[in-house]
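Okay, so here's the structure we're looking at.
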Amino acid sequence: MSRYGVAIDRKWQKRWEESGIYRFNPENADKKLYCLEMFSYPSAANLHIGHWWNFGMTDCWARMHRMLGYEIFRPMGFDSFGLPAENYAIKTGVHPRDSTLASIATMQRQLREIGAIYDWDYELSTCDEEYYRWTQWIFLQLFQRDLAYRKEAPVNWCPSCQTVLANEQVHDGACERCHTLVVRRDLTQWFFKTTAYAEELTKTLDTLDWPEKTKIMQKNWIGRSEGSFIDFPLIGHQGVIRNFTTRADTLLGATYIVLAPEHPLVEIITSAEYLPAVKAYQETTAAQSELDRLTNTKEKTGVFTGGYASHPVTHQKLPVWIADYVLASYGTGSVMAVPGHDTRDYEFAQIHNLPIPRVITPVSPDIDGSLPFVEDGLLVNSGQFDGLSSLEARTKITAFLRAEEKGEETVTYRLRDWLVSRQRYWGAPVPIIHCPQCGLVPVPEDQLPVKLPYDVQFTPDGKSPLAKSDSFMHTTCPICGQAAQRDPDTLDTFVDSSWYFLRYPDNHNTLQAWDPAWINRMLPVDRYVGGPEHACMHLLYARFITKALRDMGYLQFDEPFTSLFHQGIILGADGARMSKSRGNTIAPDGYVETYGSDVLRLFLGFGFSYSDGGPWPVDEKGNPSDDGIRGIARFVDRLERWIEIISAAPGQEQQSASPLDKELNFVRHQAIKAITRDLPLYQFNTSIAQLMILLNALQKYDLEATDPNWSLLLSISEDLLRLLAPLAPHLSEELWASLGHNSSIHNEKWPVHDEQALVRDEIEYAVQINGKVRSRVLLPSDANEEVIRQEALAMAESLPETKGKTILKIIIVPKRLVNIVVA
RNA sequence: GCGGGUAUGGCGGAAUUGGCAGACGCGCCAGACUUAGGAUCUGGUGGAGAGAUCCGUGCAGGUUCAACUCCUGUUACCCGCACCA
């Protein structure tokens with residue numbers, strides 16, 4: 001037997017590939033388990049430890065389920081459009097297509113070296129024409145149902161990436177990718193109407209087996225908020241200012257109106273006298289960066305418009321202001337200001353000397369009257385509504401307004417429509433033709449894909465690179481046949497990734513994006529694994545696309561990912577995220593070369609908690625330490641030596657079951673039980689610990705003794721290898737073969753524990769006096785409470801802690817302990 | 001500011017969900033075999049104490065026969081959102 005190492009990895013990888021052992025069998029689709037990890041971006045660098053962490057560990061999970069009898073569908077692909085390849089091209093001159101294809105080839109090879117059970121027949125790549133053809137097709141389906149539309153709006157512009165960004169891609173006012181501060185620009189862009197599904201996206205979250213925090217994050221991002229529309233008629237003009245508020249109960253405290261500077265009514269109501277100030281303020285606001293607007297420590301600014309609106313209840317004349325603390329994109333873009341009961345309105349009113357009446361009073365009245373009271377309370381100074389609680393008042397006031405046709409209940413969302421167009425090259429072109437006659441014309445389906453031309457000048461200058469390609473831009477209108485222009489923008493890469501899981505099971509289909517009958521059998525994804533950073537981006541977009549396609553009749557399920565798990569992140573030895581610029585990356589290749597891929601797998605599984613991740617271990621000097629990996633290598637070594645002993649053992653049958661045999665068998669079944677429980681929960685560390693315990697027990701078995709029970713030892717050792725198989729597929733296969741098996745261990749059934757073997761004759765009870773363990777007593781496992789009580793008491797009598805004390809109480813916890821309370 | 005999470009030996013991490021804290025491994029200590037050991041094997045290893053014992057799960061309280069686990073308050077760090085009316 002040769003020692004385990006990378007040579008053995010390669011040997012078995014080759015054999016598995018040749019035999020096609022892990023191929024998905026569509027005939028078994030009724031037993032399918034669709035296990036998916038978020039696919040990755042093909043980067044030129046080698047696979048990093050994070051890939052192993054994500055793909056290697058989930059492979060252990062999938063392999064175990066395979067042994068449990070599931071037909072595993074475990075595809076792999078590449079999210080291959082996007083900015084990094086384009087930026088790399090700008091720097092080096094290597095075309096994004098060329099660098100991406102090269103990277104994919106490298107990654108494919110390295111991914112195979114993990115020894116995962118991917119079925120490469122189902123591979124896909126989003127930059128592939130046969131893929132983005134259908135990305136464009138989905139765009140057109142949305143377009144035809146008004147779920148994709150074009151509008152001019154203030155959008156987030158990244159000056160470094162030279163493109164617009166979706167709301168979700170702006171973090172702390174900066175670009176999610178390059179961390180450059182974004183600026184606002186008014187541009188005509190393509191949007192997907194995610195808001196059309198805001199209600200369902202919130203509601204069905206509850207049905208999902210997802211981490212709670214992720215559901216909460218998404219819920220907050222969607223930001224459902226119940227409240228009222230309240231109309232304030234304009235004075236001296238036609239129409240009303242419609243406001244959204246969650247606090248209709250404070251209506252009688254509204255003393256002025258604030259419009260967002262971008263609000264369309266500003267033009268109408270601004271009087272000549274105030275026009276210059278208003279214009280100036282609007283310009284200042286427009287020029288502000290996101291960061292400026294984020295700095296909410298600054299004073300509340302704003303200007304009076306000279307216009308007035310009438311209070312819908314009191315008919316008082318209220319001044320209308322504009323201020324940038326009111327956001328154009330939320331609610332109606334205007335607020336009824338209640339400075340007595342809203343912190344922001346209060347600050348504003350103080351600065352601009354506006355009245356601050358009080359209309360809500362605390363139920364327990366001992367609050368400082370100089371500050372706004374923002375809690376619910378009882379209504380005062382509110383005429384007919386006086387005395388109502390805030391809760392009642394919200395309903396009653398809104399009902400009153402409804403009767404007067406000045407308001408209604410409503411629900412508002414924080415979520416905004418998804419901006420999907422990008423002014424960059426390396427993405428799927430928007431499949432729309434701009435015709436001077438016919439307007440926006442969808443590219444006919446039979447003309448898809450709209451191919452991304454290879455030869456394009458893609459240095460970013462704020463304009464879409466495709467606009468500079470005459471051969472791409474010039475086309476004819478499919479309706480009228482006249483000369484027309486293509487859309488020069490490409491789609492956000494999140495559009496590509498919002499449906500890839502739908503394509504995997506039918507990835508070779510050239511007639512349609514998928515066969516609905518087939519896809520409805522294969523989906524939803526049973527278990528999705530990826531980082532939590534996608535909570536409000538990819539995971540939200542994928543849900544939206546799924547629901548939209550369902551409503552078009554292409555899918556029959558409501559949610560793409562039934563169950564979701566977030567793995568933690570492996571950090572560098574310095575505790576920071578690994579990055580090339582920090583120089584703290586850990587490369588798996590060296591470890592694989594030295595120890596073999598299974599040692600790396602086992603180490604990653606054993607040394608960290610999968611859901612938490614954590615920093616790479618360090619030595620005293622703070623450098624990355626190999627000690628933990630060597631510990632695993634030691635375990636592997638011990639296992640190999642043990643299996644060598646077993647394989648050379650005389651094979652005679654043994655009938656006797658000595659107490660020693662029984663104990664060993666106990667450990668075996670305990671291990672089976674624990675690993676069967678822990679492995680599906682991604683608790684690799686405790687699972688591997690159980691394997692170590694089992695091996696330790698085997699090695700303790702006295703082989704020098706008379707009549708070692710070889711058949712039992714062999715049987716337990718084979719179970720040990722079966723339990724190890726998902727975690728160390730190459731090693732276990734090699735050792736399995738060394739025991740004389742011709743078929744793969746990966747076709748073995750997962751062991752089932754025998755509850756009988758876990759029944760012990762005697763159980764050691766802890767005897768506690770007042771909650772502290774003072775003694776122990778060995779009792780038959782079937783002893784009834786009375787026996788336990790008697791034995792424990794007999795034992796306790798001899799203890800000094802009970803001398804001269806009265807026994808007050810005896811608590812018996814079956815099979816565990818007895819607690820005697822004395823005083 | 002709002003929402004969520006985490007806190008356990010020198011280190012990574014366990015603890016059947018209220019029942020003997022520290023499984024398993026690393027490191028460390030001692031011993032064995034060795035010319036040698038950064039190999040292997042055996043034993044030990046939460047802290048204090050010579051000892052019986054006492055103290056120990058961020059901190060302070062509480063509930064309970066019994067608390068890492070439940071409750072109240074608090075601190076530190078991490079993540080997400082951030083003038084959302």
Side-chain angles (χ1 to χ4, degrees), chain A residues 171-173 211-221 223-225 227-228 243-247 250 258 260 293-298 300 323-327 329-338 341-345 347-348 374 412-416 532-533 535-536 569 602-603 606-609 612 614-620 625-632 634-635 637-638 641 670 673-674 677-678 683 685-693 696 699 764-774 776 800 808-823:
Chain A
H171 294 172
D172 291 332
E212 274 315 304
K213 72 168 177 185
T214 307
K215 292 203 262 186
I216 290 167
M217 246 195 264
Q218 214 172 86
K219 213 170 248 184
N220 291 344
W221 185 261
R224 184 183 196 276
S225 179
S228 313
N243 297 304
F244 172 74
T245 181
T246 55
R247 292 296 303 273
T250 64
V258 189
R293 288 195 73 152
L294 278 172
T295 328
N296 57 2
T297 47
K298 70 172 183 180
K300 294 266 178 298
D324 67 358
Y325 81 87
V326 173
L327 307 176
S329 54
Y330 182 77
T332 60
S334 70
V335 300
M336 63 173 210
V338 185
H341 304 285
D342 179 276
T343 317
R344 296 147 303 180
D345 298 339
E347 286 171 19
F348 190 81
V374 298
T412 292
Y413 301 89
R414 207 190 78 110
L415 184 73
R416 296 182 221 173
E533 66 275 12
C536 299
I569 305 169
L602 288 168
F603 171 69
F606 184 66
F608 304 83
S609 141
D612 296 346
W616 192 261
V618 290
D619 60 22
E620 324 76 61
S625 160
D626 290 6
D627 286 341
I629 294 187
R630 285 215 309 276
I632 292 290
R634 229 166 1 238
F635 164 70
D637 232 42
R638 284 200 291 133
R641 272 183 272 127
Q670 183 185 257
K673 189 176 182 181
R677 182 192 62 218
D678 290 352
Q683 288 174 16
N685 46 4
T686 50
S687 300
I688 295 165
Q690 287 296 332
L691 294 174
M692 291 171 169
I693 291 168
N696 290 347
Q699 288 193 309
E764 188 183 65
Y765 279 72
V767 179
Q768 297 184 333
I769 309 295
N770 290 345
K772 297 201 169 173
V773 180
R774 297 299 179 187
R776 291 168 190 286
L808 301 178
K809 208 174 186 181
I810 299 176
I811 290 111
I812 297 167
V813 183
K815 302 192 194 305
R816 292 196 182 280
L817 56 78
V818 179
N819 188 12
I820 300 169
V821 185
V822 301

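Chain A is the first sequence line, chain B the second, and so forth, proteins listed ahead of strands; every chain is numbered from 1.
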Given side chains that start at C-beta, do those of A/Gln690 and A/Gln670 come closer than 4.5 Å, heavy atoms only? yes
Nucleotide nearest A/Ile811 when distance is taken to its side chain, options B/C83, B/G13, B/C65: B/C65
Gap in Å between the two C1' atoms, one belonging to B/C24 and one to B/A15, rounded: 12 Å
Is the shortest heavy-atom distance from the side chain of A/Val813 to the side chain of A/Tyr765 under 4.5 Å? no
For atom CD1 of A/Ile820 and atom P of B/G19, their distance in whole Å: 20 Å
Could you check whether A/Asn819 gets within reach of a base, just the sugar-phosphate, or nothing at all, counting any heavy atom under 4.0 Å? base
For the residue pair A/Val374 and A/Thr343, establish whether any side-chain heavy-atom pair is separated by less than 4.5 Å. yes
Would you sort out whether A/Asn696 and A/Arg638 count as a side chain to side chain donor-acceptor pair (under 3.5 Å), showing the intermediate values? CA-CA 9 Å; A/Asn696 290 347; A/Arg638 284 200 291 133; 2.9 Å; yes
For the residue pair A/Asn770 and A/Val822, establish whether any side-chain heavy-atom pair is separated by less than 4.5 Å. yes
Kindly indicate whether the side chain of A/Trp221, heavy atoms from C-beta on, has any atom under 4.5 Å from the side chain of A/Tyr413. no
For A/Phe603 and B/G13, what is the distance between atoms CZ and P respectively, to the nearest whole Å? 10 Å
So does A/Lys213 have more than 12 non-hydrogen atoms from other groups sitting under 6.0 Å from NZ? no
Taking B/C68 as the reference, what is the distance to B/U8 when you measure between their P atoms (whole Å, please)? 15 Å
Of the candidate nucleotides B/G80, B/A85, B/G13, which contains the atom at the shortest distance from the side chain of A/Ser609? B/G13
In whole angstrom, what separates A/Tyr325's OH from B/A85's C1'? 8 Å
Hydrogens and angles aside, do A/Asn243 and A/Thr332 bring a side-chain donor and acceptor to less than 3.5 Å of each other? no
Using a 4.0 Å heavy-atom cut-off, write out nucleotides 20-26 of chain B from 5' to 3' as B (base contacted by protein), S (sugar-phosphate only) or - (no contact). B--BBSS
C1' atom, B/G19 versus B/G58: distance in rounded Å? 24 Å
Do the side chains of A/Arg634 and A/Asp637 get close enough for a salt bridge, i.e. N-O under 4.0 angstrom? no
How long is the line joining CZ of A/Arg414 and P of B/A85, in whole Å? 10 Å
Under 4.0 Å between a side-chain N or O of A/Lys809 and OP1 or OP2 of B/C65? yes
Atom C1', compared across B/U74 and B/U6: separation rounded to whole Å: 16 Å
Closest to the 5' end of RNA chain B, once A/His171 and A/Gly614 are matched to their nearest nucleotides, is A/Gly614
Syn or anti conformation of B/G10, syn meaning chi within 90° of 0: anti
Options B/A85, B/U40, B/G3, nucleotide nearest the side-chain atoms of A/Arg641: B/U40
Would you kindly give the CG-to-C1' distance between A/Leu327 and B/A82, to the nearest whole Å? 10 Å
Whole-angstrom distance between B/A67 and B/G61, as gauged at atom P: 15 Å
Classify A/Val335 by what it touches in the nucleic acid, base, sugar-phosphate, or nothing, heavy-atom distance under 4.0 Å. base
Say we look at B/G5 and B/G9: how far apart would their P atoms be, to the nearest angstrom? 22 Å
Yes or no on side-chain contact (heavy atoms from CB on, under 4.5 Å) for A/Gln768 and A/Ile811, after CA distance, side-chain angles and deciding distance? CA-CA 9 Å; A/Gln768 297 184 333; A/Ile811 290 111; over 6 Å; no
Between A/Lys213 and B/C81, is there a contact of a side-chain N or O with OP1 or OP2 at under 4.0 Å? no
Check the distance between B/A14's C1' and A/Asp678's CG and give it to me in whole angstrom. 10 Å
Measure the distance from CD1 on A/Ile812 to C1' on B/A66 and round it to the nearest whole Å. 15 Å
Is B/U17 syn or anti, taking syn as a glycosidic angle within 90° of 0? syn
Nearest of B/C81, B/A85, B/C83 to any side-chain atom of A/Phe244? B/A85
Atom pair distance, as rounded to whole Å: CG in A/Asp612 and P in B/U8: 12 Å
If each of A/Pro617 and A/Asp637 is mapped to the nucleotide of RNA chain B with the nearest heavy atom, which maps nearer the 5' terminus, i.e. the 5' end? A/Pro617
Would a 4.5 Å heavy-atom cut-off, applied to side chains only, mark A/Met336 and A/Thr250 as touching? yes
Side chains of A/Met692 and A/Phe606 in contact at under 4.5 Å (non-hydrogen atoms): yes
For the P atoms, the ones on B/U53 and on B/G62, what distance do you get once it is rounded to whole angstrom? 28 Å
Using the C1' atom as the reference point in each nucleotide, state the distance between B/G27 and B/C71 in Å, no decimals. 39 Å
Canonical and wobble pairing (Watson-Crick, G-U, under 3.5 Å) of RNA chain B, dot-bracket with |: (((((((..(((......[....)))((((((.......))))))(((....)))..(((((..]....))))))))))))....
